K.L.:
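The structure under discussion is supplied below as structure tokens; questions concerning it will follow.
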Amino acid sequence: HGNLSVDENEYAAVWLLDEIFSQLEIPFVVAGKNPSDRLEKLAHARQHTCLVANPGDAELHELIRKAQVNILPSFNATGIKLKLIQSLYLGRHCLVNTSAVEGSGLENCCEIADSAAQMRSEIERLFDQSFTYYAYESRQEKLARSFSNRRNAAQIALAQAGDKAVPFLLEGLQASAAPLRHNSALMLGYIGSPRAVGPLLRIARNDEDPNIRREAVWALSEIGGVRVQLALMGIARTDPDKTVRDEAEHALFRGRGEF
């Protein structure tokens, strides 16, 4: 899955269709934005392969959750891909090649295969292997450790960038991907720019994800000010999620120097 109008993503989809699923009978779904006519024809050329064009966020997330294996080879090492993060947080087995994860710290969260033969073998194995609750919990712990290390490095970089980073992080608050909204709120809290108060308040009050609302509450408490204090009082009373209400209460205590 990804933006299929990007040459690298189309190349990866074509490679999977031609080199992998031409020799497997396992169902395969390609999903993404703006596929070419060539890719659509190729994806529908076999009974067990298909393409979902321009899925909405909810549909894409459902596809990721239902897939037994999310397959994300990369042929251009350009850093961590958002689609990989989504698959690791939402999905079951995640199969990549070395280029997709090299240097990311996420190698131990994925299954890795580089040649076409290895990829076919891993798909067959993982298709029949249950993804257990223990495997899910183990991966979440690995992700938390990995992003904790990256967070420390990001704090240093953002402290050096200061207000220059704020516009990009404010854009991140509006992203459809929950991990990006979460991390943008977190980083805005580290920077502490008053410019972020309005957008963070909108997230703290309206985001559908309580984890992101809670992160926005924390970020607001780091910025402070009368407007923030008044808003946190309302959130502490009215948010439907207890963890968000508790975070707002704690933030108010911290603001008064009592916690």
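Here the structure is a predicted model, which is why all the values come from computation and not from measurement. In what follows, residues are counted from 1 in the order of the sequence shown.
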K.L.:
Using salt bridge (charged side-chain N to carboxylate O under 4.0 Å, His left out), reason through Arg245 and Glu249 one step at a time and then give a plain yes or no.
P.N.:
CA-CA 6 Å; Arg245 297 196 302 272; Glu249 286 280 2; over 6 Å; no
K.L.:
Looking only at non-hydrogen atoms, find the nearest pair between Ala178 and Ile212 and report the distance.
P.N.:
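Heavy-atom minimum between the residues: O-CD1, 3.4 Å.
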K.L.:
Is any side-chain heavy atom of Pro35 less than 4.5 Å from a side-chain heavy atom of Glu10?
P.N.:
no
K.L.:
Would you mind listing the cluster partners of Leu60? Hydrophobic ones only (ILVMFWY), side-chain contacts under 4.5 Å, chaining allowed.
P.N.:
Ile64, Leu90
K.L.:
What pairs with Tyr11 under ring-ring contact (aromatic ring centres under 6.0 Å, His included), at least two apart in sequence or on another chain?
P.N.:
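Residues passing ring-ring contact (aromatic ring centres under 6.0 Å, His included) with Tyr11: Phe75.
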K.L.:
Donor-acceptor pair, Glu222 side chain versus Ala219 backbone, under 3.5 Å?
P.N.:
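Looks like no, no N/O pair under 3.5 Å.
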K.L.:
So, using side-chain contact (heavy atoms from CB on, under 4.5 Å) as the criterion, who are the partners of Ile20 when residues are at least two apart?
P.N.:
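side-chain contact (heavy atoms from CB on, under 4.5 Å) list for Ile20, sorted by chain: Trp15, Leu16, Leu24, Ala116, Met119, Arg120, Ile123.
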K.L.:
Keeping Glu215 on the side-chain end and Asn211 on the backbone end, is there a donor-acceptor pair under 3.5 Å?
P.N.:
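Not confirmed, Glu215 side chain does not pair with Asn211 backbone.
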K.L.:
A side-chain contact here means heavy atoms from C-beta on lying under 4.5 Å apart; do Val14 and Leu39 qualify?
P.N.:
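Yes - at least one pair of side-chain heavy atoms lies under 4.5 Å apart.
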K.L.:
Sequence neighbours left out, what pairs pass ring-ring contact (aromatic ring centres under 6.0 Å, His included) with at least one residue falling in residues 23-58?
P.N.:
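Sorted pair list: Phe21-Phe28.
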K.L.:
Minimum heavy-atom separation for Pro179 and Tyr89, please, with both atom names.
P.N.:
CG-CD1, 4.3 Å
K.L.:
Going by heavy atoms in the side chains, are Cys110 and Leu84 under 4.5 Å from each other?
P.N.:
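With C-beta onward as the side chain, the pair touches.
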K.L.:
Does the side chain of Leu188 reach to within under 4.5 Å of the side chain of Leu173, using non-hydrogen atoms?
P.N.:
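A side-chain contact under 4.5 Å exists here.
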K.L.:
Please examine the side chains of Leu252 and Met233, heavy atoms only from C-beta on, and report whether any two atoms are closer than 4.5 Å.
P.N.:
yes
K.L.:
May I ask you to test the Ile223-Ile191 pair for a side-chain heavy-atom distance under 4.5 Å?
P.N.:
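No, too far: nothing below the 4.5 Å cut-off.
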K.L.:
Please name the pair of heavy atoms, one in Ala248 and one in Ile235, separated by the smallest distance, quoted to 0.1 Å.
P.N.:
CB-CG2, 4.0 Å
K.L.:
What distance do Gln229 atom CD and Ser221 atom OG have between them, rounded to the nearest 0.5 Å?
P.N.:
8.5 Å
K.L.:
Please determine whether side chain to side chain contact (heavy atoms under 4.5 Å, CB included) holds for the pair Ile85 and Leu106, giving the CA-CA distance in whole Å, both sets of side-chain angles, and the decisive distance to 0.1 Å.
P.N.:
CA-CA 9 Å; Ile85 302 300; Leu106 299 175; 3.8 Å; yes
K.L.:
Nearest 0.5 Å, what's the CZ-CD distance between Phe127 and Glu25?
P.N.:
11.5 Å
K.L.:
Sub-3.5 Å donor-acceptor pair from the side chain of Ser22 to the main-chain atoms of Asp18, do we have one?
P.N.:
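Between the backbone of Asp18 and the side chain of Ser22 there is a qualifying donor-acceptor contact (under 3.5 Å).
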K.L.:
Heavy atoms, side chains only, cut-off 4.5 Å: are Cys94 and Leu72 in contact?
P.N.:
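Sidechains of Leu72 and Cys94: in contact.
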K.L.:
To the nearest 0.5 Å, tell me how far Arg227 CZ sits from Leu220 CG.
P.N.:
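Atom-to-atom, Arg227:CZ and Leu220:CG are 9.0 Å apart.
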K.L.:
According to a 4.5 Å side-chain heavy-atom criterion applied to Ile, Leu, Val, Met, Phe, Trp and Tyr, with indirect links allowed, do Leu180 and Met187 form part of one hydrophobic cluster?
P.N.:
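Per the 4.5 Å side-chain linkage, Leu180 and Met187 are not co-clustered.
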K.L.:
Applying salt bridge (charged side-chain N to carboxylate O under 4.0 Å, His left out), name anything that partners Arg181, two or more places apart in sequence or on another chain.
P.N.:
Asp207
K.L.:
Name all pairs fulfilling the side chain to side chain donor-acceptor pair (under 3.5 Å) condition that reach into residues 122-140, sequence neighbours left out, sorted by first residue then second.
P.N.:
Glu111-Arg125, Glu122-Arg125, Arg125-Gln129, Tyr133-Glu137
K.L.:
Answer whether the closest heavy-atom distance between the side chains of Leu4 and Leu51 falls below 4.5 Å.
P.N.:
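A side-chain contact exists here, since the closest heavy-atom pair is under 4.5 Å.
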K.L.:
Find the distance between OG (Ser36) and CG (Leu42) and round it off to the nearest 0.5 Å.
P.N.:
9.0 Å
K.L.:
If you round to the nearest 0.5 Å, how far is CD of Glu171 from CD of Gln174?
P.N.:
7.0 Å
K.L.:
Which residues pass the ring-ring contact (aromatic ring centres under 6.0 Å, His included) test with Phe131, sequence neighbours left out?
P.N.:
His93
K.L.:
Using the test side-chain contact (heavy atoms from CB on, under 4.5 Å), find all partners of Asn3 that sit at least two apart in sequence or belong to another chain.
P.N.:
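Once residues adjacent in sequence are excluded, the partners of Asn3 under the side-chain contact (heavy atoms from CB on, under 4.5 Å) criterion are Ser5, Val6, Asn9, Lys33, Asn34.
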K.L.:
For Val52, what are the other residues in its hydrophobic cluster, where any two members join if their side-chain heavy atoms are less than 4.5 angstrom apart?
P.N.:
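Its cluster partners, ordered by chain and number, are Val29, Leu63.
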K.L.:
Strictly by side chain to side chain donor-acceptor pair (under 3.5 Å), give each pair with a member in residues 232-242 just once, sequence neighbours left out.
P.N.:
Arg213-Asp239, Asp241-Thr243, Lys242-Asp246
K.L.:
How many angstroms lie between atom CG of Leu126 and atom CD1 of Ile71, to the nearest 0.5 angstrom?
P.N.:
9.0 Å
K.L.:
Measure across Ser74 and Ser99 and return the closest heavy-atom pair with its distance rounded to 0.1 Å.
P.N.:
O-CB, 3.4 Å
K.L.:
How would you list, by chain and number, every residue that makes a side-chain contact (heavy atoms from CB on, under 4.5 Å) with Arg202, sequence neighbours excluded?
P.N.:
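Once residues adjacent in sequence are excluded, the partners of Arg202 under the side-chain contact (heavy atoms from CB on, under 4.5 Å) criterion are Pro199, Asn206.
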K.L.:
Among all residues two or more places apart in sequence or in another chain, which pass the side-chain contact (heavy atoms from CB on, under 4.5 Å) test with Ala231?
P.N.:
Leu201, Arg205
